[in-house]
Amino acid sequence: PASTLNWSLVEEVARQAVFSRATEEEMGCLPQYVRGTATWLSILHRYEHLLIFDVLLGGYIEHRNGDKTAVCAKGEDYHGSVAVSGSYVMRSGAHYAEFLI
């Protein structure tokens with residue numbers, strides 16, 4: 001979509017980068033642009049730096065296809081397994097996870 005707001009060139013380039021690269025599904029997972037709260041530059045940063053699960057606890061969990069942004073259960077008894085992102089601090093806002101069952 002074309003921009004009609006008066007913002008900086010940096011914000012416009014970031015907005016165009018997000019819209020040109022992110023799929024509709026990815027757009028649904030990104031924070032919404034809200035003037036004064038979420039900038040296009042911060043949304044682009046979030047898109048380019050996905051949450052990484054660097055610590056896996058339990059014997060029945062692994063990274064999906066070696067991708068540290070996704071985990072999956074090994075076998076059927078996955079109770080007690082946990083994926084942790086040790087390098088990401090969730091300070092405010094809404095946080096969620098998406099599960100494929």
Side-chain angles (χ1 to χ4, degrees):
S3 168
T4 59
L5 298 175
N6 185 17
W7 51 42
S8 72
L9 179 61
V10 172
E11 279 294 286
E12 180 59 20
V13 170
R15 184 191 71 80
Q16 288 181 15
V18 171
F19 275 98
S20 68
R21 298 188 329 205
T23 65
E24 188 175 321
E25 182 180 348
E26 291 169 331
M27 288 296 290
C29 297
L30 291 171
Q32 299 297 310
Y33 173 81
V34 178
R35 186 179 205 116
T37 303
T39 64
W40 282 110
L41 198 55
S42 69
I43 295 169
L44 177 61
H45 184 268
R46 181 71 122 348
Y47 175 73
E48 291 178 335
H49 298 89
L50 297 174
L51 184 64
I52 294 176
F53 297 104
D54 52 349
V55 178
L56 301 180
L57 303 172
Y60 302 100
I61 191 171
E62 64 186 3
H63 292 109
R64 187 175 59 201
N65 300 324
D67 179 5
K68 289 193 172 195
T69 65
V71 295
C72 62
K74 292 191 306 186
E76 296 186 25
D77 185 19
Y78 54 87
H79 300 286
S81 297
V82 178
V84 177
S85 178
S87 61
Y88 193 85
V89 177
M90 297 180 189
R91 297 170 199 243
S92 64
H95 306 290
Y96 63 93
E98 209 171 282
F99 298 93
L100 296 174
I101 299 176

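What you see is a predicted model; the values in this text were computed from it and never measured.
- Side-chain contact between Glu62 and Val71 is absent, with no heavy atoms from C-beta onward closer than 4.5 Å.
- For the residue pair Ser85 and Leu51, the shortest heavy atom distance occurs at OG-CD1, 3.2 Å.
- Annotation for Val13: hydrophobic cluster partners, listed by chain and number, are Leu9 (ILVMFWY side-chain heavy atoms under 4.5 Å, direct or chained).
- Counting side-chain heavy-atom gaps under 4.5 Å among Ile, Leu, Val, Met, Phe, Trp and Tyr, the cluster of Leu41 also holds Val10.
- Taking all atoms of both residues into account, the shortest heavy-atom contact from Thr69 to Phe53 is O-CE1, 3.7 Å.
- With sequence neighbours left out, Glu24 forms a side-chain contact (heavy atoms from CB on, under 4.5 Å) with no residue at all.
- Ring planes of Tyr33 and Trp40: parallel class, angle under 30° (limits at 30 and 60°).
- Applying the side-chain contact (heavy atoms from CB on, under 4.5 Å) criterion to Thr23, with sequence neighbours excluded, gives Glu25, Glu26.
- Listed by first and then second residue, the salt bridge (charged side-chain N to carboxylate O under 4.0 Å, His left out) pairs that reach into residues 48-58 are Arg21-Glu48, sequence neighbours excluded.
- Applying the side-chain contact (heavy atoms from CB on, under 4.5 Å) criterion to Leu57, with sequence neighbours excluded, gives Val55, Val82, Val84.
- In this view, Gln16 and Glu12 satisfy the side-chain contact (heavy atoms from CB on, under 4.5 Å) rule, not counting sequence neighbours.
- Nearest heavy-atom pair, Met27 versus Ala22, reported as atom, atom and distance to 0.1 Å: SD-CB, 3.7 Å.
- When all heavy atoms are compared, the tightest approach of Gly58 to Ser81 is CA-OG, 3.9 Å.
- With sequence neighbours left out, His45 forms a side-chain hydrogen bond (donor to acceptor under 3.5 Å, both in side chains) with His49.
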